[in-house]
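In what follows, a structure is listed as structure tokens, so that the remarks can point back to it.
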Amino acid sequence: MQTYRPLHCYSGLNRLHRLAVKRLYLGLLISLLLVSDVWAVFIFAPLQNRRSLALQVGSAGNTVNTVVFDVSGMTLAPNSVPVTGISDGPNTTPAGGVEVTLEAGLFAQTQVILTVDSSAGLSCVGGSGCGSTIIPFNTVSWTSFNNDATYPTFDIQDGVFTGGSSQTLTNYYVNGGSVTMSNVLLFEYDNATLYPSGQYQGRVTFTASMP
């Protein structure tokens, strides 16, 4: 879902003109028996011209959100079925999702890019029983909601983590003004492989930038 406003309607974002790149780390956790916390971190970098960029994934501020995939009981092999992740962040529609909002204010034609780094995988938490096993992030996909048919290239589309360090989620150009993109992502673990019982924890990095 996007909103687009011409420049003269967006002067209120001048206070953000020093923001060029914003990164946010969203924790994802697969629990075969247990649940634990993950981390959210904001990083800002300076910019010399008058542009603004704001990225929010889940809760605002320093609140820590957790997305949990509970793989147990009937969801285990040999009758394994995909497992939907549940976030403890703000309420979304549908429930349990993570809202990703990207707001860009610009004074000329500018490219806006949102990427994600999922290269680290989900590592076994020490002492939980799964040893050194790492579950690759390409086992986790998402369905994107609130997509806008008028500007489909601005939205995050349905997809799956590639396990790469710079996977593009959206990439578009805007001729001045401001654009706000907001999608709710509902994550799903494919549960296609039987991994050792235990707790797996990982982190993906969302990066918004104006090259």
Side-chain angles (χ1 to χ4, degrees), residues 1-28 38-65 67 87 89-94 97-119 142-159 161-162 164-187 203-211:
M1 177 181 67
Q2 309 88 27
T3 58
Y4 176 78
R5 289 167 285 182
L7 180 61
H8 67 274
C9 295
Y10 205 59
S11 59
L13 270 187
N14 287 348
R15 62 187 178 84
L16 297 177
H17 72 274
R18 292 289 182 183
L19 305 187
V21 177
K22 184 170 184 180
R23 293 189 177 92
L24 191 147
Y25 301 99
L26 172 69
L28 297 178
V38 289
W39 308 270
V41 179
F42 295 89
I43 300 175
F44 299 90
L47 185 67
Q48 299 306 314
N49 56 8
R50 298 174 64 84
R51 300 186 294 176
S52 64
L53 194 62
L55 172 65
Q56 181 173 327
V57 180
S59 297
N62 295 320
T63 301
V64 175
N65 292 149
V67 178
S87 169
N91 293 334
T92 59
T93 302
V98 176
E99 185 169 15
V100 178
T101 300
L102 176 59
E103 189 171 358
L106 18 137
F107 284 70
Q109 185 184 60
T110 305
Q111 185 180 19
V112 180
I113 303 174
L114 178 63
T115 62
V116 65
D117 180 353
S118 61
S119 57
W142 66 83
T143 302
S144 181
F145 295 85
N146 302 335
N147 296 69
D148 191 322
T150 305
Y151 302 100
T153 59
F154 287 22
D155 278 310
I156 300 173
Q157 303 299 316
D158 297 350
F161 291 119
T162 63
S165 60
S166 186
Q167 177 183 358
T168 300
L169 300 184
T170 185
N171 182 352
Y172 55 86
Y173 286 87
V174 178
N175 288 313
S178 67
V179 174
T180 299
M181 177 213 77
S182 183
N183 295 123
V184 172
L185 306 184
L186 192 63
F187 293 98
R203 186 170 62 180
V204 294
T205 309
F206 290 81
T207 301
S209 62
M210 291 177 177

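By convention here, the first residue in the shown sequence is residue 1. Values reported hereafter were calculated over all heavy atoms of this structure, with side chains retained and with hydrogens, waters and symmetry mates removed.
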Do you know the tightest heavy-atom contact between G89 and S87?
-> N-OG, 3.0 Å
Does D117 reach the side chain of S166, with side-chain heavy atoms less than 4.5 Å apart?
-> no
If you measure from CD1 on I113 to CG on L102, what distance do you get to the nearest 0.5 Å?
-> 11.0 Å
Has the side chain of T162 got a donor or acceptor atom that lies under 3.5 Å from a matching backbone atom of G164?
-> yes
Expected output: side-chain S144 to main-chain I156 donor-acceptor under 3.5 Å = yes
Interatomic distance, OG@S52 vs CD@E103, rounded to 0.5 Å, equals 7.0 Å
Would you please classify the geometry between the W142 ring and the F187 ring as parallel, tilted or perpendicular, with 30° and 60° separating the classes?
-> perpendicular
Got F206 and L169 here, is their nearest side-chain heavy-atom distance under 4.5 Å?
-> yes
Shortest non-hydrogen contact from G97 toward V184 | CA-CG1, 4.1 Å
Closest contact, heavy atoms only, S182 versus T101 | OG-OG1, 3.3 Å
Indicate yes or no: at least one non-hydrogen side-chain atom of Y173 is less than 4.5 angstrom from one of T110.
-> no
Heavy-atom closest pair (M210 atom, G105 atom, distance to 0.1 Å) is CE-O, 3.8 Å
Heavy-atom check, side chain of V100 versus side chain of M181, under 4.5 Å = yes
Hey, are the side chains of F161 and V204 touching, using non-hydrogen atoms and a 4.5 Å cut-off?
-> yes
Can you name the closest pair of heavy atoms from E99 and T92 and give their distance?
-> N-CG2, 4.2 Å
First locate atom CG of L186, then atom OG1 of T93, and finally report the distance between them rounded to the nearest 0.5 Å.
-> 11.0 Å
For residues V98 and V57, determine if any side-chain heavy atom of one lies less than 4.5 Å from a side-chain heavy atom of the other.
-> yes
Quick one: does T170's side chain get under 4.5 Å of D155's, heavy atoms only?
-> no
From F154 atom CZ to N183 atom CG, the distance as rounded to the nearest 0.5 Å = 12.5 Å
Does any non-hydrogen side-chain atom of L55 lie less than 4.5 Å from one of L114?
-> yes
Does the side chain of N171 come under 3.5 Å of the side chain of Q111 through a donor N or O and an acceptor N or O?
-> yes
Could you tell me the separation between the CG atom of L185 and the CD atom of Q157, rounded to the nearest 0.5 Å?
-> 11.0 Å
Could you walk me through whether V112 and V179 pass side-chain contact (heavy atoms from CB on, under 4.5 Å), step by step?
-> CA-CA 10 Å; V112 180; V179 174; over 6 Å; no
